[in-house]
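Read the structure below first, then the notes.
These numbers come from a predicted model, not from an experiment. Below, read A as the first sequence line, B as the second, and so on, with proteins coming before strands; counting in each chain starts at 1.
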4 protein chains.
Amino acid sequence: MPGSSYGEIFKVTTWGESHGKALGAVIDGCPAGIPITEEHIQKFMDRRKPGASRYATKRAEADKIEIYSGVFESLTTGCPIMMAVKNEDHISANYDNIKSVYRPAHADYGFSKKFGIRDYRGGGRSSGRETLCRVAAGAVAVKALEQLGIKILTYTKSIGGIFVSEENFDEAQINKNELYMPDDNAYKKATSYLDGVISRGDSAGGIIECVIKGVKPGIGQPVFDKLDACISHAVFSIGAVKGVEFGAGMASASMNASKFNDGFYADEDKNIRKRTNNSGGITGGLSDGADIVFRAAVKPTPSISLAQQTADTLSNNVTVNITGRHDPVIVPRAVVVVEAMAAIALLDMILISLPSKAENLKRAYENL
Amino acid sequence: MPGSSYGEIFKVTTWGESHGKALGAVIDGCPAGIPITEEHIQKFMDRRKPGASRYATKRAEADKIEIYSGVFESLTTGCPIMMAVKNEDHISANYDNIKSVYRPAHADYGFSKKFGIRDYRGGGRSSGRETLCRVAAGAVAVKALEQLGIKILTYTKSIGGIFVSEENFDEAQINKNELYMPDDNAYKKATSYLDGVISRGDSAGGIIECVIKGVKPGIGQPVFDKLDACISHAVFSIGAVKGVEFGAGMASASMNASKFNDGFYADEDKNIRKRTNNSGGITGGLSDGADIVFRAAVKPTPSISLAQQTADTLSNNVTVNITGRHDPVIVPRAVVVVEAMAAIALLDMILISLPSKAENLKRAYENL
Amino acid sequence: MPGSSYGEIFKVTTWGESHGKALGAVIDGCPAGIPITEEHIQKFMDRRKPGASRYATKRAEADKIEIYSGVFESLTTGCPIMMAVKNEDHISANYDNIKSVYRPAHADYGFSKKFGIRDYRGGGRSSGRETLCRVAAGAVAVKALEQLGIKILTYTKSIGGIFVSEENFDEAQINKNELYMPDDNAYKKATSYLDGVISRGDSAGGIIECVIKGVKPGIGQPVFDKLDACISHAVFSIGAVKGVEFGAGMASASMNASKFNDGFYADEDKNIRKRTNNSGGITGGLSDGADIVFRAAVKPTPSISLAQQTADTLSNNVTVNITGRHDPVIVPRAVVVVEAMAAIALLDMILISLPSKAENLKRAYENL
Amino acid sequence: MPGSSYGEIFKVTTWGESHGKALGAVIDGCPAGIPITEEHIQKFMDRRKPGASRYATKRAEADKIEIYSGVFESLTTGCPIMMAVKNEDHISANYDNIKSVYRPAHADYGFSKKFGIRDYRGGGRSSGRETLCRVAAGAVAVKALEQLGIKILTYTKSIGGIFVSEENFDEAQINKNELYMPDDNAYKKATSYLDGVISRGDSAGGIIECVIKGVKPGIGQPVFDKLDACISHAVFSIGAVKGVEFGAGMASASMNASKFNDGFYADEDKNIRKRTNNSGGITGGLSDGADIVFRAAVKPTPSISLAQQTADTLSNNVTVNITGRHDPVIVPRAVVVVEAMAAIALLDMILISLPSKAENLKRAYENL
């Protein structure tokens, strides 16, 4: 509840500041017997690593993950998995000019009011660097979900106003371009748009889409812990997210039920399926057997080199120029963060949903 | 975690089915000494009462709230407040024809798969009737927030595609029309739109906007329990919500930081304020002193009288005609539900945020 | 966390005051498909009912339990089960003389300091009457545990200093005497002792022992949520309990490991068993396959008719005579309360412990 | 809930195995502005360090604590405090002979059944070495409590059957002998007793007493989260504890209320005090203003060099000789562990208890 933990059974706790000794995550409640190696985690880390493209901060960090506990002979043991990354390239001097300034669109002001004290170096705890812990934990969750036949596909849906088109959608493109856009045409437009943004010293935002395949119906809890409510909590906890929508999303407000409602049908094998997926795979808060589909709107990176009017901690009106190394667009690096949070939230919900029926409880107890 | 509780300190637990004996809510953790009467709660109940207009179900329920515990001599005692409404007008026979059918866009299928057994009468636990418990609890939260100088304004932003315009916005209109729209012109267009929807046997959706005034900066918890993450969890837990956005919302994805970033300034009294409010009052997950502004997209009411293709519990493909009494648009009655969930989530967060500084802890302990 | 809920998956929330309209419990997270009727619950209620013997308060309450939700066609639905008892025989006038007095060994002083306001009628929320809600919830937990082959035996181990002897232990006696003592000889001594206590206007305490049979090894969570830690939390939450011990208990402090350690052995069917049970069935915080055995020390009933020196809310030193109807010994009525709390704590722990291994998770997910 | 976290607001999560790379703790929710240094924490670590006396294991570990996050310029920042100790002296070879044996009175069997896989080296996660994380977190809690004027005194009450006497009690002795006994006479008897135990290759247990001074009345939550219930949860979570009692404890079961009940009185300054303290400072689950006094019974160290009959993982009956370095008595090193858990549980409860009254909430909100 103090905020640095997520999940009830698969519980992730993160710690660390942008310019401290290290950052890390503890996963408590991961089932025993899941194969995990540092190499597997590292692949996810590399997807959000800084310095990977001209659209990302130049901060040169290896972000090498180390596992400290909870894995024995390459298998999870059921005990807390602690993973950490040491900070290397932290030039604290860079940040002295903003020590006493409330940077626009950053958490500086809120943190100061809340705690009275603030590790201002690189944003401290509120730095986007904190998300690397989520990615490490998410990599474990993805592995556990894979064992259940669940796969997650996450990509950039738009940058600026440039959207991936449905007709050009090509999954194979996602990992071929540094914007993670599944549409080569949109990718090219976006790079050209971003070049303009960079040259102006400004920044851009975008939309990330996540598709989860293979979730059985009935996952989620009635009333307050609906599956979409929990996923939205997890995704909105990523600093830059300003909107989350499932399936038809905000547009559903303008539709009629005759169009929106996803009718069920029984296929030739008598399996229940849906004709459409306006629900985004979640109906009444429970998974409905269709792909779970949601989108997150990511605001433009707050740190820009353009001069900005703001106030300082002594209530002076000042102009701030943020000179550090920053991402002109955070969206591509945030793709894996959204995927991680979706995986963590879903796995936790599946674990919570297991003992819903007496017959399943009985069977599970006998198999203990 | 089983889903029928929300909140950590101001903890609301709801119970009851659409056609059971009663529905109710238990609030545990409400501070002692807050003035509460059944009359106060009833005013909120009446805002979501069925049968109030031609745009709402004809089910004739008084929805009279009774307080069973936790209030003594019209003050809260700090002990659990149990409030309940007895069900009166429940004609179970109405529902026999849908007992074994998975109604499109309803939770029937998920509940069946999850629990194996289902109280099918009127949707049972997954009925929209469950939200009356949230409203009762929300009325208490609103009262507590008022004592802190916090006020919440909630209204219909759009119905179908018809939006309240910014220039015509008139707060005084909200309670003057049964659609709770703060724009008389939009209201008239919406009623005419809805009349068409009703005549076709269809239903409509809309967008609800909520503005919270008077929240001090620093409310919310870093990382996973950001204020927006928690509010979105609370609001997405309302069955019909398909999207939630704060401030500039989904549109922020197309903006540049030079436009999006809300610069701070010190006013003549040296108070820190923001020049704009694209953040919707929450920056980096903490309140930033500006009004909290969010919107929720509500899908069209799932139950419609038009014939729909779907499947039944024996995997037959069937046509279903839903003949019960249903709302052609749920948005106006959901306005107070959104307000209730926002109040509950915010109050809980304020209570959680209190002991953030050692000096405040010391002072609070001395005053115990 | 505000205190009126227990459990993470099988979550029990209670509400109500001694002299309010009613008291009740909400169980959220009970698996669906467990057969429950009011008759089953009532049997447990009757074991703690007042007025049943000369050693219990004369308050004449039927304590009739009613189920309001979560049970459909005599089966649990997986949704919240609300059960309540209406208060009938509450003569508030009886309590006016103690309205402003801090009764010794009661919670009056703490409640006043904590909340500033207090429903003083019959102890309000801190009345022993609150435990009827635990018994109702415990009756459901016992039913669920039975389905797993787990049985709980609870009885009075001592009253005053009079102990049930091991050689005379006779399980059949437990329900044959109103003190629930499994030793006819000890029972007779205890009644004679209690008659003396009553004639002096004083009260007595005792020890309750609980034996749980059929728990498979491995239940409980490592480190902080050890099975004994959770059971002790649950049992210490009963107002009058001043000590809890497992197996050899406090006496283990004087033993050597060569005597204390329970060696394992493989029986002829290659099942692992223990030679002794000094651990009380819990080793290293996890069930070890042997019977779980614990004892709770119950202090003498605080309300006595003897004059007592104390203080009032205005800091006057006063003499108080408590004239209401009170139990000269609470132990026999508390036997079923201890059983209820043990059942609730154990069932919750079993539900939590289910997804400990990847192979079990996979199997459970496939069977969802 | 997976077990490696304790606390709701002051939330401690521990990780690490006896023979892994390191062990550590994350504290989330510590108020900002509390002065903390590694030196302060180290003093507590040294109280449980192995190798300090002939009554403790010879394992030579410096147990040097390092702070990784959450402290900035020697003050807590309100963000997670991660502290860790690297393992140095872990000779895994020592443990190969017990890899497949269920050691009596250890958690081996339960862990194997629960998780299927087990880091057997030195007990892995279930090693007593895990408690060093609790001590580090407890040292922070003690510092925070000191700021509120609360002090904790913890010592050895008995070893084997040898008890500290009330008349010889001398607080100054506690830190003068390696058994932490506040009675020089009892200390001498205990050493002579322990020498005999050691020479036989056996081990001993004992009782630890904890006294907490300066707790204001009203701390704790009604019903399930009574202060004693939470402290007992915390203390029973220490592996070797088999019994916990408050005030008169188990003995209260044989007392009459006329003797047990602690009458209140108003002193000359009109402060409310108690004449006696049989309650151990907690009445009805809330602190009553008197010293909080509780005792924990610690079983004899399970590992002994005497041959023991037990079973192995293949269900063979075997004899085990545990040859590693082990404590002949764990009690002295456990004193600081009990103190740490008491401090953590109490601080968490104080933080939870803050917003109990509307007037305090209002004042605290204004001071935010």
Notebook entry, point to check: Where does C:F111 contact chain B at under 4.5 Å (heavy atoms): side chain, backbone, both or neither?
Noted result: side chain

Next item on the list: Report yes if the side chains of B:F10 and B:I352 come closer than 4.5 Å at any heavy-atom pair, otherwise no.
Entry: no

Notebook entry, point to check: Hey, does C:L132 have a side-chain heavy atom less than 4.5 Å from the side chain of C:R48?
Noted result: yes

Check: Are a donor atom and an acceptor atom from the side chains of C:H106 and C:S126 found within less than 3.5 Å of each other?
Finding: no

Item checked: Selection from C:R125, C:K113, C:M82 maximising heavy-atom pairs under 4.5 Å formed with chain B -> C:M82

Notebook entry, point to check: Does some side-chain heavy atom of C:V26 sit less than 4.5 Å from a side-chain heavy atom of C:K11?
Noted result: no

Next item on the list: Heavy-atom distances under 4.5 Å only: say whether B:I81 touches chain C with side chain, backbone, both or neither.
Entry: neither

Checklist line | Salt bridge flag under 4.0 Å for residues B:R129 and B:D63 | finding: yes

Next item on the list: Please determine, among C:G116, C:P31, C:G70, the option with the most heavy-atom pairs under 4.5 Å with chain B.
Entry: C:G70

Next item on the list: Return the option, out of B:D28, B:T77, B:T14, with the maximum number of heavy-atom pairs under 4.5 Å with chain C.
Entry: B:D28

Next item on the list: Please determine, among B:A32, B:G33, B:G7, the option with the most heavy-atom pairs under 4.5 Å with chain C.
Entry: B:A32

Next item on the list: Identify which of B:A84, B:S4, B:G3, B:G124 forms the greatest number of heavy-atom pairs closer than 4.5 Å to chain C.
Entry: B:S4

Item checked: Heavy-atom closest contact (B:S69 atom, B:P80 atom, distance) -> OG-O, 2.8 Å

Notebook entry, point to check: Under a 4.5 Å heavy-atom cut-off, does chain B meet the side chain of C:S5, its backbone, both or neither?
Noted result: both

